Asks: 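First the structure, then my questions, so here it is.
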Amino acid sequence: MTQVLASGLAMGCVYALVGLSFILIYNATHGLNFAHGEFVMLAGFILYSAVDAGAPMWLAALATLGCMGVFGLVFQRLVFYPLRDRPFLAFVIATIGFGIFARNLALLVWGPNPLKVPSFFTATAVSLLGATLTPEHLFIIATTAVVLVTQYLLFFHTALGRGLRATAQNPEMAQLLGIRQNRMIAITFVLSAMLAGLAGVLVAPIFLIDTELGGAVILKAFIAIIIGGFGSIPGAVLGGLIVGLLEILVAVHVSSTYKDAIAFGVFILVLLVFPRGLLGGPVEDRV
Amino acid sequence: MSRRLLPLLLLLLAALVPWLGLSTYTQRLVNLGLVFSLLAISLNLLLGYAGQISLGHAGFFGIGAYTAALLAEGGSGLLFWPGLLLAGLVTGLAGLAIGLPTLRLRGHYLALATLGFGEIMRLLFFNWREVTRGMDGISGIPAPALPGFAFDTEARLFGLAAVLVALVLLLVRRLDGSKYGRWLAAIRDAELAAGTCGVNVPRLKLGVFMGSAALAGAAGALYAHMMTFISPDTFGFEVTAQVLSMVVVGGIGTVAGPVLGAFLLTFLPEWLRVSNAYYQLIYGAGLALMIVFLPAGLWGLVRSKLRRAAPALLVEPPPLAGLPAEIGAAPADSALLDARGVTRRFGGLVAVDGLDLTVQAGSIHALIGPNGSGKSTFINLASGLYGLSGGSISFAGRPVGGARPWAIAQAGLARSFQNLRLFGSLTVEQNVLVACRAAHPAGLVRVLLASATARAEEAALRAAAAEAMQALGVWPLRDRVVKTLPHEQQRMVEIARALAMRPRLLMLDEPAAGMNPSEADQLVTRIRALRDRGITILLVEHNMPLVMRLADRITVLNFGRKVAEGTPAEIRSNPAVIEAYLGRRHLKQMTADAAAAG
């Protein structure tokens, strides 16, 4: 049972990272990035290529995060920037297009066969408090915890974090106070792409890497976001953990075929009776 | 090319297709193009006209296909017709189930919910083997038939599909040009303002969502009968994305664009002759590039080339019909709007605090006060945009506190917005038309059938709009797209739009903001003319000379409370008012000055 919970929690952490990085962009720009799953997929493929080129795992992981940061910047410039003043559906459609483009580009570059990267660890099991756990799961949980703390410190205890939050809350006012809005948004995209990339790096050793990797993760992240309350960062994390645990418990105790359908059922149910989610704000437009 | 000629020409062209000697394979692709046209038209109805998104259209398409397939499997081709209706009905109900909880929320909830819905449906099609037979799919679906005639060749299927597409296109065009089309556009451009113009926003949004779903379901039924075999891999997100591309590439919000897009993307793989991955690569990039560089799509581009210069303006406006007698029927000096103890809190902030306000019928009542004193909040409360935290508001003797904006607007309480909320992509006339209501409204069916009632209603609406536009002097601008107008003219359009509701009470929120003195003078004349026609006015304004000239009665707010009320002369010398505007020290100074002078 501990093993099951740990694996659920680990997947929950991955959903939390993806959901959180998605919400970072949403909070800063009100844009829904439907290519976000492809960020995760791309990181998986880059990691594979780096390992394939002979880099040790830790170096490959760092290189991947670096690449993802650059990618985030380019993505912001090419896809977000031209559409910044257009209705929100324009960005939605453009990112859906970009997502299809990225998936098929990956298919052509890395081929249709699922790829495998080695584990970060040589051991296959560790004992903790009398339970046998997979080191991968513990690593995911620990890394996510560290990232969340770092992110909190960045946002609430640095000048950059204040600028980012100010831009997210009121871009015009922030601009008048000398905060460079476009730079803050670019930094947000870089951060977001790196976090999504981290999720890809963490999940790659336990999943196989193929073009469906992003789609599988992002849908769960969406559910996590809605359950946690749209726009809330702690909500996205909490929602991610709930979805991860729910998914594994349903798979073990109810039906593994329908675990995804059940997760979506929960999602629609939350929308029906509790659209604010657990920690969300108002759901209707104000005057 | 005239708008009437083009559809006829296309129809003629379509009639020739079966005689072009196309191979069976090409003819099959043409037929598929027609099915996808239906699907793209259904998505465009939602995306282009109402500005709402569905990322689950493949799910609706699939529900329709499976419904028709299960009904007709191994049976007679005559079952196509009830299958088509049933498919539309079932998917319409699915649309209701998704739309009802999500359409009242912000747009992104709909995007995520429909995405989730599409995924659930895909999983169901694959895994609910008892019904869908999973990967095996359903075969033996008969070709559609009429008694004694089966649509069993590609050419015959083409005829059937082409007639269906033409019919749907005709209906969509009628919808687009009708009041419903304008209301949808109003929701797309400025949802809040659509509500205060009397448009029942949730009902219309739900209606168009269900209609779009039902049409996608009908397309699915046609697809099932055309292919005679369906399997779940046809109904995944890939198809949703493909249909979205068809709409975007063809032209969002145009009548013919989705058809153009559907054919283009159906034939693109044939022309390119590349593997699916390359094809998907191209259309993914194409989708993103189109939305960035050519948001109006290919048809939008063609149309902008075809469109001639705007027709010359009519110099002579039609004679004023005059307002109907029931306007201003309320006896003068009775309370038209009566607020008692109205309170509105935002978190810890009390924006309006126990306000009592009575607006006498036939008067111009001004509501003034420093910024943040609760004036606009009161208008938002009275027009139903905010709910009351306490107290009550009654209008013409009926309680309106807590009523929805469109109900309040239809009861005769209209408003303008301080920060303009016009329907930017519509013309001045269309903006005003959104708010017009005829005495004998025609229902959706009559509008789609272009019945005499519908045509008479449209004429009545146009007459009412003309009258409102003339009253505010924007008649000569009626064919201009409203976002191209300068600010002060947009203000006039806002007021004309509110006036077109034929309201008994008109609430104007800072109508003179940004106007120069001569424009403000003109505004004074116009507002007086409205009052003389029996319309009661509640005016929020910072331009004090204007308020003093216009108002019969003034209420002064500060920090959400009433600090004074009276005639302009009384207000001018009221100490509490001077304090609210100029501060206590200034008040002392003035009293001292007055004492010295006296």
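Quick note on labels: first sequence line is chain A, next is B, and so on, each numbered from 1. The shown structure was predicted, so the numbers you read here are calculated from the model rather than taken from an experiment.
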Asks: Decide yes or no for A/I96 and B/F237: does some side-chain heavy atom of the first lie under 4.5 Å from some side-chain heavy atom of the second?
Replies: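 In contact.
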
Asks: Measure the shortest side-chain to side-chain distance between A/F34 and B/L115 over non-hydrogen atoms and say whether it is less than 4.5 angstrom.
Replies: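 Touching, per the 4.5 Å side-chain cut-off.
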
Asks: May I ask you to decide if the ring planes of A/F230 and B/Y109 are parallel, tilted or perpendicular, using 30° and 60° as cut-offs?
Replies: tilted

Asks: Quick check for you: among B/L287, B/L289, B/T102, B/L100, which has the greatest number of heavy-atom pairs under 4.5 Å with chain A?
Replies: B/L287

Asks: Mind checking whether A/I93 and B/I252 have side chains closer than 4.5 Å, heavy atoms only?
Replies: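 A side-chain contact exists here, since the closest heavy-atom pair is under 4.5 Å.
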
Asks: Please classify the contact between B/V248 and chain A as side chain, backbone, both or neither, with a heavy-atom cut-off of under 4.5 Å.
Replies: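 The side chain, not the backbone.
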
Asks: Counting heavy-atom pairs closer than 4.5 Å to chain A, which one of B/L124, B/L123, B/I120, B/L244 comes out on top?
Replies: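 Answer, by heavy-atom pair count under 4.5 Å with chain A: B/I120.
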
Asks: Please rank B/F126, B/Y283, B/F293, B/Y278 by heavy-atom pairs under 4.5 Å with chain A and give me the top one.
Replies: B/Y278

Asks: Is B/I98 in contact with chain A via its backbone, its side chain, both, or neither, using a 4.5 Å heavy-atom distance?
Replies: side chain

Asks: Shortest non-hydrogen contact from B/A288 to A/A94?
Replies: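 What the structure gives for the nearest pair is CB-O, 3.6 Å.
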
Asks: A/Y26 versus chain B, heavy atoms under 4.5 Å apart: side chain, backbone, both or neither?
Replies: side chain

Asks: Examine whether an atom of A/I225 lies under 4.5 Å from a heavy atom of chain B, and if so say whether it belongs to the side chain, the backbone or both; otherwise answer neither.
Replies: neither

Asks: Report the C-alpha distance between B/I291 and A/R86 in whole Å, list the side-chain angles of each, state the deciding distance to 0.1 Å, and finish with yes or no for side-chain contact (heavy atoms from CB on, under 4.5 Å).
Replies: CA-CA 10 Å; B/I291 206 80; A/R86 299 258 300 274; 4.0 Å; yes

Asks: Please look at A/L105 and chain B and tell me whether the side chain, the backbone, both or neither of the residue comes under 4.5 angstrom of a heavy atom of that chain.
Replies: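 Both backbone and side chain.
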
Asks: Is there a side-chain contact between B/I282 and A/F101, using heavy atoms and a 4.5 Å cut-off?
Replies: no

Asks: Should A/L107 and B/L281 count as side-chain neighbours, where that means a heavy-atom distance under 4.5 Å?
Replies: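 Not touching, per the 4.5 Å side-chain cut-off.
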
Asks: Measure B/L55 against the heavy atoms of chain A and call it side chain, backbone, both or neither at under 4.5 Å.
Replies: side chain

